[in-house]
Amino acid sequence: MGKNKAILAGNLTDLDIRQLRIFSAVVEAGGYTAAELTLNLANSTISNHMSNLEKRLDMKLCERGRSGFRLTEQGMIVYEATRNLLGSMEAFKEVVNQSHDQILGTLTLALAEHIPGIHDGTIVQALELFAEKAPKVALSLATIGSDEVEEAVLQRRADIGITVLSRANSALATTPLFNETMHLYAAHHHPLHQQQQVTLEQVRAWGIVESPRMVAGREPDKIHQNWPITARAHQQESRIALLLTGKYTGYLPEHFVSMLGYNHKLKPLLPDVLSYTNEYHAIRKRPLANQRIVNLFMDELEQSCATTMPVTG
C-alpha cells in the first residue's frame with residue numbers, strides 16, 4: 001500500500017494529532033470498546049476516527065475479530081512514533097512553561113475507589129490549591145479499581161495515581177500519603193454474631209469474599225493466607241452487597257462502612273486479630289513526564305497530607 005508515496009509530505013494537522021491521540025488511547029486500552037470510557041467517545045466514533053487515520057496513512061494499523069484486538073506490524077511502528085511525537089509535544093510545552101510565570105498543559109489523575117483522602121478532604125484541598133496556582137492546567141480525574149491505577153500510570157494514561165501498592169516497582173516513584181483501617185465484616189444477622197464468642201478457626205471455616213488484598217500471594221499478613229474463598233468481589237460496592245445478605249464475610253475499609261451509615265448493619269470480626277492497615281501512595285512513572293505540573297500538584301498534595309488528619313477509620 002503506497003510504499004513509494006510520501007503520504008505525510010505536508011504538515012500534520014490538528015485533526016491528524018487528534019486521531020493519533022485516539023489511536024494511542026485505543027492501543028493502551030486494548031481495544032475500541034475498552035477505550036470508550038477513557039476517550040468519552042462512542043465506539044462508532046472511535047471506529048470512524050481509526051478508519052480515517054488508516055486512510056490518511058495508507059496503512060492497516062490494527063486487526064479486530066474474535067481473537068481480540070491486535071496491532072499490525074505497521075501499527076506497532078506508528079504507535080511508537082505516536083508516543084514519541086506526543087512526548088515531544090509535552091516536552092515542548094514544559095520548556096515553554098518554564099520560561100513563563102503561568103503554567104499550561106494537562107494533568108491526569110487516576111484515583112482508587114473510595115480513597116479516604118476524598119472523604120477527609122486531603123485530595124480536595126490539594127486540588128483547590130493546585131487550581132489556584134495553575135488555573136490554566138486542564139485537569140482530568142478518573143476513579144478506577146485499585147489494581148487498575150498502577151497500570152494506568154505505567155502506561156502513561158495517568159500522570160499521577162493514588163492507590164494501595166501490593167508490591168514495590170522500580171519503574172514507579174512513590175510518595176506515602178495516608179492510611180485506612182480494614183476490618184473483616186459480617187452482617188449482624190450472620191450466624192457468627194449469634195454466638196457470644198467466636199474463635200479464629202470458626203471465622204476461617206466460613207470462608208471469605210475475595211478482594212484485591214486477599215488474592216493468593218498478596219495477603220497483608222500470614223494469618224490471612226490460605227483462607228477459603230466463597231465468592232469474589234473486587235469492587236467494594238459489590239462486596240458490601242454480598243455481606244449484607246448475612247451469608248458472607250469480607251474486608252471493607254472502616255471509613256467506607258461508616259460513610260454509608262452501615263455501622264448498625266455490619267460488625268467487625270475479631271478486629272484485634274484480623275484487622276490490618278492499608279497505606280495509600282501517590283505514584284508516578286519514571287522518568288517523570290509533564291514534570292513541572294506533576295511536581296506542583298505533588299507539592300500541594302504533600303502539604304495537604306501534612307495539615308489534614310490521616311484517616312484510620
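We're numbering straight along the sequence, starting at 1.
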Can you find a pair of side-chain heavy atoms, one from [X] and one from [Y], that are under 4.5 Å apart?
{"X": "F297", "Y": "L109", "value": "yes"}
{"X": "V164", "Y": "H281", "value": "no"}
{"X": "I17", "Y": "L85", "value": "yes"}
{"X": "V149", "Y": "L111", "value": "no"}
{"X": "V137", "Y": "L104", "value": "no"}
{"X": "L165", "Y": "N169", "value": "no"}
{"X": "L184", "Y": "L270", "value": "no"}
{"X": "M76", "Y": "R70", "value": "no"}

Considering residues at least two apart in sequence or located in another chain, which fulfil the side-chain contact (heavy atoms from CB on, under 4.5 Å) criterion with [X]?
{"X": "A42", "answer": "S44, T45"}
{"X": "A187", "answer": "H189, L266"}
{"X": "K222", "answer": "Q225"}

Smallest separation among heavy atoms of [X] and [Y], with atom names:
{"X": "L177", "Y": "C305", "value": "CD2-SG, 3.7 Å"}
{"X": "M214", "Y": "P220", "value": "SD-CD, 4.4 Å"}
{"X": "G250", "Y": "I208", "value": "CA-CG1, 4.0 Å"}
{"X": "R204", "Y": "N226", "value": "NH2-O, 2.9 Å"}
{"X": "L41", "Y": "R18", "value": "CD2-NH2, 4.1 Å"}
{"X": "H234", "Y": "E113", "value": "O-OE2, 3.6 Å"}

Can you pull the salt bridge (charged side-chain N to carboxylate O under 4.0 Å, His left out) pairs that have at least one residue in [range], sequence neighbours excluded?
{"range": "residues 256-273", "answer": "none"}
{"range": "residues 24-41", "answer": "E28-R83"}
{"range": "residues 293-304", "answer": "K133-E300"}
{"range": "residues 205-216", "answer": "E210-R232"}

Applying side chain to side chain contact (heavy atoms under 4.5 Å, CB included), run through L200 and L274 and close with a yes or a no.
CA-CA 9 Å; L200 176 60; L274 294 175; 3.6 Å; yes
Spacing of [X] atom [atom1] and [Y] atom [atom2] [to the nearest 0.5 Å]:
{"X": "Q291", "Y": "M298", "atom1": "CD", "atom2": "CE", "result": "12.0 Å"}
{"X": "H49", "Y": "I22", "atom1": "NE2", "atom2": "CD1", "result": "4.0 Å"}
{"X": "C62", "Y": "L71", "atom1": "SG", "atom2": "CG", "result": "7.0 Å"}
{"X": "L107", "Y": "D159", "atom1": "CG", "atom2": "CG", "result": "5.0 Å"}
{"X": "T181", "Y": "L252", "atom1": "OG1", "atom2": "CG", "result": "13.0 Å"}
{"X": "T249", "Y": "L242", "atom1": "OG1", "atom2": "CG", "result": "10.5 Å"}

Are more than 12 heavy atoms from other residues, nucleotides or ligands located less than 6.0 Å from atom [atom1] of [X]?
{"X": "D221", "atom1": "CG", "value": "yes"}
{"X": "N84", "atom1": "CG", "value": "yes"}
{"X": "E73", "atom1": "CD", "value": "no"}

Keeping the roles fixed (side chain from [X], backbone from [Y]), state whether a donor-acceptor pair exists under 3.5 Å.
{"X": "Q155", "Y": "A152", "value": "no"}
{"X": "T82", "Y": "V78", "value": "yes"}
{"X": "T72", "Y": "L61", "value": "yes"}
{"X": "R286", "Y": "A171", "value": "no"}
{"X": "K285", "Y": "L154", "value": "yes"}
{"X": "E219", "Y": "G217", "value": "yes"}
{"X": "T163", "Y": "S146", "value": "yes"}

List, by chain and then residue number, the residues other than [X] in its hydrophobic cluster (Ile/Leu/Val/Met/Phe/Trp/Tyr, side-chain heavy atoms under 4.5 Å); write none if there are no others.
{"X": "V215", "answer": "none"}
{"X": "L37", "answer": "none"}
{"X": "L129", "answer": "none"}

Should I283 and I162 be marked as a side chain to side chain contact (heavy atoms under 4.5 Å, CB included) after you check the CA-CA gap, both sets of side-chain angles, and the distance that decides it?
CA-CA 6 Å; I283 59 175; I162 299 178; over 6 Å; no
Side chain to side chain contact (heavy atoms under 4.5 Å, CB included) for I240 and Y262? Distances and angles first, verdict last.
CA-CA 10 Å; I240 207 167; Y262 284 171; 3.3 Å; yes
Honestly curious: do [X] and [Y] fall in one hydrophobic cluster under the side-chain, below-4.5 Å linking rule?
{"X": "L269", "Y": "Y248", "answer": "no"}
{"X": "I223", "Y": "W206", "answer": "yes"}
{"X": "L53", "Y": "I77", "answer": "no"}
{"X": "L57", "Y": "V27", "answer": "yes"}

Does the plane of the ring in Y32 sit parallel, tilted or perpendicular to the ring in F69? Use 30° and 60° as the thresholds.
tilted
Does either side chain, that of S275 or that of H183, offer a donor lying less than 3.5 Å from an acceptor on the other one?
yes
Candidate list M259, Q236, H114, test side chain to side chain contact (heavy atoms under 4.5 Å, CB included), partner P253, passing option:
Q236
Got a sec, which pairs hit ring-ring contact (aromatic ring centres under 6.0 Å, His included) with one end in residues 208-228, sequence neighbours left out?
H224-Y251, H224-Y276
Would you call R56 and D16 a salt bridge, using N to O less than 4.0 angstrom?
yes
Would S304 and T122 count as a side-chain hydrogen bond (donor to acceptor under 3.5 Å, both in side chains) here? Give the steps.
CA-CA 5 Å; S304 296; T122 298; over 6 Å; no
As a quick check of understanding, evaluate side chain to side chain contact (heavy atoms under 4.5 Å, CB included) for R21 and M89, giving each step before the final call.
CA-CA 12 Å; R21 288 188 185 278; M89 292 172 64; 3.8 Å; yes
For R218, all residues meeting salt bridge (Lys or Arg N to Asp or Glu O under 4.0 Å), sequence neighbours excluded:
D147
